[in-house]
Undergrad: 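Sharing a structure below in structure tokens format, with a few things to ask.
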Protein chains: 2
Amino acid sequence: MVRTKGVRVVEVGQVPLVRIGDLARSAGVSVRAVRYYEQQGLLSAQRSASGQRLYPPEAAERVRFFQDMFAAGLSSRRIAELLPCIDLGHTDAEQRHMLQAERERIRERVTELQSALRRLDQIIEVTATHP
Amino acid sequence: MVRTKGVRVVEVGQVPLVRIGDLARSAGVSVRAVRYYEQQGLLSAQRSASGQRLYPPEAAERVRFFQDMFAAGLSSRRIAELLPCIDLGHTDAEQRHMLQAERERIRERVTELQSALRRLDQIIEVTATHP
DNA sequence: CTTGCCTCTGACGTCAACGTCAGGTCTTAG
DNA sequence: CTAAGACCTGACGTTGACGTCAGAGGCAAG
């Protein structure tokens with residue numbers, strides 16, 4: 001076990017593994033959030049002898065992907081359904097249907113937001129002439 | 001008091017008023033939602049002698065505006081702050097700041113969503129080649 | 001060895017926009 | 001007059017993605 005720039009790293013064969021705090025920091029989320037993702041079946045972790053979670057550094061990318069999807073309004077359930085598509089690189093009919101449905105949902109949200117934006121702009125415009 | 005096409009209407013002077021159920025239907029929300037908006041200070045209502053809420057028909061437009069703003073991620077608190085800007089037709093510095101901030105927030109959400117859309121499209125594209 | 005930070009597992013708290021239920025009143029069609 | 005809806009006021013329940021706290025253990029530095 002070595003220490004590199006403040007981040008404790010466990011070398012298992014050639015694979016460096018980081019602990020939950022480091023993952024959380026590098027992904028920009030809380031430690032609680034990472035544990036939550038595991039609980040929801042989105043993220044798995046190796047365990048050290050003493051039971052501490054150990055992650056490969058790529059896990060940070062995956063966590064950021066979760067954030068993107070949450071921001072897009074997907075539930076953790078949907079994201080869980082999404083992961084096999086990514087990991088296996090192929091989809092069945094049901095999965096393709098789900099992907100299209102979510103895509104459409106997000107597109108609708110975008111147009112909703114743009115509509116709201118226009119309404120806000122109207123208000124700003126109107127009241128700008130009457131300060 | 002008259003009945004017009006199934007909608008009970010109260011004539012007070014020249015102003016026709018509708019009851020909460022009619023407002024809810026014409027705005028496409030639940031009765032509970034309308035009461036909630038009143039509780040949050042977004043909507044006021046005249047009361048009949050027996051205490052029932054009475055609304056001018058334009059209230060439906062206002063309720064739809066609430067829906068737009070909620071869909072854009074504004075809280076009822078923010079919407080309440082917004083209403084005087086609309087009703088009075090002018091804004092002070094603080095209000096203008098708030099309007100700009102919310103505008104910017106929504107714009108960020110849009111780009112987030114578009115980013116998520118691209119990621120989903122990538123997945124769809126990749127897996128489409130491997131059915 | 002101890003100090004200080006990190007991690008662990010529960011488990012309860014939060015927040016917003018309502019849903020839902022209870023128990024009672026109003027209104028109107030028939 | 002009566003029965004069926006619509007409406008009233010509380011007040012508790014729901015959902016999702018975590019926050020937060022408690023109590024206990026792990027681990028590198030001095």
Side-chain angles (χ1 to χ4, degrees), chain A residues 1-11 17-55 59 63-81, chain B residues 1-11 17-43 45-55 59 63-81 112:
Chain A
M1 206 174 293
V2 296
R3 205 174 201 291
T4 311
K5 282 185 277 185
V7 177
R8 281 156 229 155
V9 172
V10 182
E11 298 275 354
L17 297 173
V18 301
R19 301 197 298 173
I20 194 170
D22 301 317
L23 171 59
R25 245 185 311 284
S26 66
V29 303
S30 69
V31 167
R32 177 67 173 95
V34 176
R35 292 203 192 99
Y36 176 74
Y37 301 155
E38 177 174 325
Q39 191 185 339
Q40 299 302 303
L42 301 182
L43 197 61
S44 60
Q46 291 183 37
R47 296 296 185 124
S48 75
S50 62
Q52 299 199 351
R53 293 170 178 85
L54 297 175
Y55 302 90
V63 168
R64 279 190 291 264
F65 173 72
F66 298 158
Q67 291 296 107
D68 273 24
M69 293 301 111
F70 282 130
L74 299 223
S75 64
S76 49
R77 178 142 189 68
R78 281 288 178 230
I79 300 177
E81 291 174 24
Chain B
M1 208 175 293
V2 296
R3 202 178 203 288
T4 311
K5 282 185 278 186
V7 176
R8 282 153 228 154
V9 172
V10 182
E11 299 274 354
L17 298 172
V18 301
R19 299 197 299 172
I20 195 170
D22 301 318
L23 171 59
R25 247 186 310 282
S26 67
V29 302
S30 69
V31 167
R32 176 67 174 96
V34 176
R35 292 204 192 98
Y36 175 73
Y37 301 154
E38 176 174 325
Q39 190 184 340
Q40 299 302 304
L42 302 181
L43 198 60
Q46 290 184 39
R47 295 297 185 125
S48 75
S50 63
Q52 299 199 351
R53 293 170 178 84
L54 297 175
Y55 302 89
V63 169
R64 279 189 291 264
F65 174 72
F66 298 158
Q67 292 295 108
D68 273 23
M69 293 302 111
F70 282 130
L74 298 224
S75 64
S76 49
R77 178 142 189 69
R78 281 291 179 225
I79 299 175
E81 292 175 21
E112 272 178 13

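Naming: A, B, ... by sequence-line order, numbering from 1 per chain.
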Undergrad: Do any N or O atoms from the side chain of Arg25(B) and from the backbone of Ile20(B) form a donor-acceptor pair under 3.5 angstrom?
TA: no

Undergrad: Using whole Å, what does the distance between atom C1' of nucleotide dG25(D) and atom CZ of Arg19(A) come to?
TA: 12 Å

Undergrad: Say whether Gln52(A) and Arg19(A), considering side chains only, have a donor N or O and an acceptor N or O under 3.5 Å apart.
TA: yes

Undergrad: Return the value, rounded to whole Å, for the distance between atom CG of Asp22(A) and atom P of dC5(C).
TA: 16 Å

Undergrad: Check every atom of dT27(C), dC8(C), dC18(C) against the side chain of Ile20(A) and return the nucleotide holding the closest atom.
TA: dC8(C)

Undergrad: Using a heavy-atom cut-off of 4.0 Å across all strands, would you classify Ser48(A) as base, sugar-phosphate, or nothing?
TA: nothing

Undergrad: Would you say Ser50(B) reaches dT27(C)'s phosphate, i.e. side-chain N/O to OP1/OP2 under 4.0 Å?
TA: yes

Undergrad: Using side-chain hydrogen bond (donor to acceptor under 3.5 Å, both in side chains) as the criterion, list what pairs up with Tyr55(B), not counting sequence neighbours.
TA: none

Undergrad: If the cut-off is 4.0 Å, is Tyr37(B) near the phosphate of dA17(C), judged by side-chain N/O to OP1 or OP2?
TA: no

Undergrad: Roughly how many Å is it from CD in Gln40(A) to P in dC18(D), rounded to a whole number?
TA: 10 Å

Undergrad: More than 12 non-hydrogen atoms from neighbouring residues, nucleotides or ligands closer than 6.0 Å to CZ on Arg77(A), yes or no?
TA: no

Undergrad: Rounding to a whole Å, what distance do you find between Tyr55(A):OH and dT7(C):C1'?
TA: 11 Å

Undergrad: Do any side-chain nitrogens or oxygens of Arg53(A) fall under 4.0 Å of OP1 or OP2 in dC8(C)?
TA: yes

Undergrad: Which residues in residues 24-36 of chain B have at least one heavy atom lying under 4.0 Å from any atom of DNA chain C?
TA: Ser30(B), Arg32(B), Ala33(B), Tyr36(B)

Undergrad: Have a look at Arg47(B) and say if it touches a base, only the backbone sugar-phosphate, or nothing, with a 4.0 Å heavy-atom cut-off.
TA: sugar-phosphate

Undergrad: Tell me the interatomic distance from Met69(B), atom CE, to dA16(C), atom P, rounded to whole angstroms.
TA: 19 Å

Undergrad: For Gln52(B) and Ser75(B), take the nucleotide of DNA chain C holding the closest heavy atom to each; which residue's nucleotide lies nearer the 5' end?
TA: Ser75(B)

Undergrad: To the nearest Å, give me how far apart CG (Leu54(B)) and C1' (dC26(C)) are.
TA: 12 Å

Undergrad: When you check the gap from the basic side-chain N to the acidic O, do Arg32(A) and Glu38(A) get nearer than 4.0 Å?
TA: no

Undergrad: Would you indicate whether the side-chain heavy atoms of Phe66(B) and Val29(B) approach each other to under 4.5 Å?
TA: no

Undergrad: Heavy atoms under 4.0 Å, any strand shown: does Leu74(A) hit a base, just sugar-phosphate, or nothing?
TA: sugar-phosphate

Undergrad: What is the separation between atom CD on Gln67(A) and atom C1' on dG16(D), rounded to the nearest whole Å?
TA: 13 Å

Undergrad: Do the non-hydrogen side-chain atoms of Ser30(A) and Tyr36(A) ever get within less than 4.5 Å of each other?
TA: no

Undergrad: Mind calculating the distance between CD (Gln39(A)) and C1' (dC18(D)) to the nearest angstrom?
TA: 10 Å

